[in-house]
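Here the structure is laid out as structure tokens; the discussion comes afterwards.
Please read all numbers here as calculations on a predicted model, not as lab measurements.
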Amino acid sequence: IHSEMWSDCALELIEKGIVNNSLKSVHRGKTVACFVVGTKKVFDYVDNNPSTIILESAYTNNPTIIARNSRVTAINSAVEVDLTGQVCADSIGHHIISGVGGQVDFLRGAALSNQGKPIIALPSRTNKGASRLVATLKSGAGVVTTRSHIHWVATEYGIVNLFGKSISERAKALISIAHPEDRENL
């Protein structure tokens, strides 16, 4: 784990031995982040634990540092993705819901990593049933990740690689992983 942030879910993977950081080139055997969020359990784990390192974001989020590890898989989410591959991850239209964080840093780092995988993962629909793969982003929506930085996009209906594809190829690929009831409209 080399991340901007980690929490209880990552701790569970560490405790079960699923993640041990043994294949890292940078900080082998260490879980690296710039902050931790979670329950008392995760903070107790981090406290005075030499297998965890908390560093400043200028280091943890540096794409060249991230890329030094092979096979980096960066998984980020989105509010919506338009059919050209633009990713909105910080707003719903004009309403800001979060900061941009390190999404672009980690997607770029994974793209530069030997055999890396930069992934945007999102459900195909909102809780209210609206498609999250859209023809165009909502008015006022911020583009956090540009279409030139996007590689993999995953929903519960599949995963597609948009990198190097034309706009029409991107649209067809994204439609193929949209909710089946939304595909015809897209």
Under 3.5 Å, side-chain donor or acceptor atoms of residues 172-186 against the rest of the protein: list the pairs with distances, not counting sequence neighbours.
| unit_1 | atom_1 | unit_2 | atom_2 | d |
| --- | --- | --- | --- | --- |
| S176 | OG | A173 | O | 2.5 |
| H179 | ND1 | E181 | N | 3.0 |
| E181 | OE1 | R125 | NH2 | 3.3 |
| D182 | OD1 | R125 | NH2 | 3.0 |
| D182 | OD2 | R125 | NE | 3.0 |
| R183 | NE | I175 | O | 3.3 |
| R183 | NE | A178 | O | 2.8 |
| R183 | NH2 | S176 | O | 3.2 |
| R183 | NH2 | A178 | O | 2.9 |

(message) I need the full list of ring pair (Phe, Tyr, Trp, His ring centres under 6.0 Å) pairs touching residues 11-40, with sequence neighbours left out, sorted by first then second residue.
(response) H27-Y59
Under 3.5 Å donor-acceptor pairs involving side-chain atoms of residues 91-104, not counting sequence neighbours:
| unit_1 | atom_1 | unit_2 | atom_2 | d |
| --- | --- | --- | --- | --- |
| S91 | OG | G93 | O | 3.2 |
| S91 | OG | G142 | N | 3.1 |
| Q103 | OE1 | T145 | OG1 | 2.6 |
| Q103 | NE2 | S77 | O | 2.8 |

(message) Keeping N69 on the side-chain end and S25 on the backbone end, is there a donor-acceptor pair under 3.5 Å?
(response) yes
(request) Using atom types as modelled and distance alone, determine if a side-chain donor or acceptor of H2 lies under 3.5 Å from a backbone N or O of T60. (result) yes
(request) Could I get the full list of side-chain contact (heavy atoms from CB on, under 4.5 Å) partners for R68, not counting sequence neighbours? (result) V26, I65
(message) I need the full list of side chain to side chain donor-acceptor pair (under 3.5 Å) pairs touching residues 106-124, with sequence neighbours left out, sorted by first then second residue.
(response) S124-E156
(request) Compare all side-chain heavy atoms of R147 with those of I167 and state whether any distance is below 4.5 angstrom. (result) yes
(request) For S131 and L133, indicate whether the former's side chain and the latter's backbone hold a donor-acceptor pair under 3.5 Å. (result) yes
(message) With a 4.5 Å cut-off on side-chain heavy atoms, are V79 and D90 touching?
(response) no
(request) Taking the side chain as every heavy atom from C-beta outward, state whether T155 and R132 have any pair of such atoms under 4.5 Å apart. (result) no
(message) Listing request: all ring pair (Phe, Tyr, Trp, His ring centres under 6.0 Å) pairs with a residue in residues 115-134, at least two apart in sequence or in separate chains.
(response) none
(message) With a 4.5 Å cut-off on side-chain heavy atoms, are T73 and W152 touching?
(response) no
(message) Check this for me: R71, atom CZ, are more than 12 non-hydrogen atoms of other residues, nucleotides or ligands nearer than 6.0 Å?
(response) no
